[in-house]
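Working notes, beginning with the structure itself.
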Amino acid sequence: AKSSSVYPGVAFLIFSVLFSSHTQAQQFTLKKELPHIQGMAGADGLGNIYALYNGMLSKYTPDGQVLSYSNRQWGPVSDVRFADPLNVLVFFKDFGNIVWLDRNLSEKILVQGTDLHPSDLPSAIGFSHKNGFWAWFPHAFQLSRFDIRGHTEVKGQDLSLEFPTLGQVSYIVEKDDQVFVAANGLWIFDLHANFVFRIPHVQTHHFQVIGNKVFYVSENKL
């Protein structure tokens, strides 16, 4: 798939790959073309496509509907996670607020960032398959997990003394009982927020984990 987030106004293209059992040749067949999608964030397992552009979240459904969501009183939408299409996770970094949306992008649950930590606001969040989300608190230097309503489930330790080089966290992904945190390198934690290991040369602000592989872009290379 080709994203129009790099080239605004270019159509988002969806291809299928056909494999020949005899020649192992690959043929790419254009399945659908969706014009004018900007800021593509990705697609969920139901075929819905999500885009984040100018602080607004848009959802393009397979039957042609376009749904939108924003809340200007909290600033622009800065991140969206759609691992569960029925519980779309939206983050407003300016205020540290987390909002859960239903499949129609209507607000279900609001979690105020000020309620998550007594002296800090989250600067990055990630979806948790334990029915909730992860949040990083930059001043407290703490990684914690919360349930869908913002109640603390795992309270991480202050990592500033043990790992002062961790730096600014930009992206969080939970995958297969591990939490991957992009900062100064890629830091891996277990589901109790305990540090496991670090991959120092992976410098990225966005990545995807599939199986035991990490995909990311660095210096214009995948």
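Heads up: numbering here begins at 1 and tracks the sequence.
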- Does the side chain of Trp136 pick up a donor-acceptor pair with the side chain of Gln142 at under 3.5 Å? no
- Item | Asn87 side, atom CG; Arg81 side, atom CZ - distance, nearest 0.5 Å | 15.0 Å
- Indicate the atoms forming the closest heavy-atom contact of Pro76 with Asp94, along with that distance. CD-OD2, 3.3 Å
- Query: Mind checking what makes side chain to side chain contact (heavy atoms under 4.5 Å, CB included) contact with His205, not counting sequence neighbours?
  - Reply: Ser170
- Message: So, using side-chain hydrogen bond (donor to acceptor under 3.5 Å, both in side chains) as the criterion, who are the partners of Asn71 when residues are at least two apart?
- Response: Gln73, Glu107
- Counting heavy atoms not belonging to His139, are there more than 12 under 6.0 Å from its NE2? no
- Query: Linking I/L/V/M/F/W/Y whenever any side-chain heavy atoms sit under 4.5 Å apart, do Val196 and Trp134 land together?
  - Reply: no
- Go through the steps to decide whether Asn104 and Ser106 satisfy the test side-chain hydrogen bond (donor to acceptor under 3.5 Å, both in side chains), and finish with yes or no. CA-CA 5 Å; Asn104 298 315; Ser106 297; 5.5 Å; no
- Query: Looking at residues at least two apart in the chain, or sitting in another chain, which of them share a side-chain hydrogen bond (donor to acceptor under 3.5 Å, both in side chains) with Asp63?
  - Reply: Thr61, Gln65
- Would you mind listing every salt bridge (Lys or Arg N to Asp or Glu O under 4.0 Å) that reaches into residues 108-133, with sequence neighbours excluded? none
- Connected to Phe82, directly or through other members, by ILVMFWY side-chain contacts below 4.5 Å are Tyr50, Leu52, Leu57, Leu67, Tyr69, Trp74, Val77, Val80, Val88, Val90, Phe92, Phe95, Val99, Leu101, Leu105, Leu110
- Atom of Ser70, atom of Met56 and distance for their closest heavy-atom approach: OG-CE, 3.8 Å
- Query: Can you check whether His117 reaches Pro122 side chain to side chain, under 4.5 Å on heavy atoms?
  - Reply: no
- Hydrophobic cluster mates of Ile210, side-chain heavy atoms under 4.5 angstrom, ILVMFWY only, any path? Phe215
- Query: Rounded to the nearest 0.5 Å, how far does OH of Tyr53 lie from OG of Ser58?
  - Reply: 11.0 Å
- Query: When rounded to the nearest 0.5 angstrom, what is the spacing between CD1 in Ile98 and CG in Leu116?
  - Reply: 5.0 Å
- Item | Linked hydrophobic residues, Leu46 as query - side chain contacts closer than 4.5 Å | none
- Task: Go through the structure and list residues passing salt bridge (charged side-chain N to carboxylate O under 4.0 Å, His left out) with Arg198, not counting sequence neighbours.
- Result: none
Quick one: side chains of residues 183-191, donor-acceptor pairs under 3.5 Å with protein atoms, not counting sequence neighbours, listed by atom name and distance.
| from | atom 1 | to | atom 2 | distance (Å) |
| --- | --- | --- | --- | --- |
| Asn184 | OD1 | Gln203 | NE2 | 3.3 |
| Asn184 | ND2 | Thr165 | O | 3.2 |
| Trp187 | NE1 | Asn184 | O | 3.2 |
| Asp190 | OD1 | His192 | N | 2.8 |
| Asp190 | OD1 | Ala193 | N | 3.2 |
| Asp190 | OD1 | Asn194 | N | 2.9 |
| Asp190 | OD2 | Asn194 | ND2 | 3.3 |

- Query: Transitive ILVMFWY cluster of Leu222 at side-chain heavy atoms under 4.5 Å: who else is in it?
  - Reply: Val217
- Message: Using only atom types and a distance under 3.5 Å, with no angle test, would you say the side chain of Asp44 pairs donor to acceptor with the backbone of Gly47?
- Response: yes
- Query: Under a 4.5 Å side-chain heavy-atom rule over Ile, Leu, Val, Met, Phe, Trp and Tyr, are Val181 and Val209 clustered together?
  - Reply: no
- Establish whether Ile199 and Phe195 are linked, either directly or via other cluster members, by ILVMFWY side-chain heavy-atom contacts under 4.5 Å. no
- Query: If you look only at pairs with a residue in residues 212-222, which of them pass as a side chain to side chain donor-acceptor pair (under 3.5 Å), with sequence neighbours excluded?
  - Reply: none
- Hey, what do you get for CZ (Arg103) to NZ (Lys59), rounding to the nearest 0.5 Å? 6.5 Å
- Nearest heavy-atom pair of Glu174 and Ser128: which atoms, and what distance? OE1-OG, 2.8 Å
- Query: CD of Gln157: more than 12 outside heavy atoms within 6.0 angstrom?
  - Reply: no
- Task: May I ask you to decide if Gly156's main-chain N or O and Arg145's side chain share a donor-acceptor pair within less than 3.5 Å?
- Result: no
- Is there a chain of hydrophobic side chains (I, L, V, M, F, W, Y, each step under 4.5 Å between heavy atoms) that links Val179 to Phe207? no
- Separation of Asp79 CG from Ile125 CD1 (nearest 0.5 Å): 4.5 Å
- Query: If you group Ile, Leu, Val, Met, Phe, Trp and Tyr by side-chain heavy-atom gaps below 4.5 Å, do Leu143 and Phe197 land in one group?
  - Reply: no
- Message: Checking side-chain contact (heavy atoms from CB on, under 4.5 Å) between Phe133 and each of Ile172, Ile148, Val111, which is the one that passes?
- Response: Val111
- Note on the structure: CZ of Phe146 to NZ of Lys155, rounded to nearest 0.5 Å, is 9.5 Å
- Message: Which residues pass the ring-ring contact (aromatic ring centres under 6.0 Å, His included) test with Tyr60, not counting sequence neighbours?
- Response: none
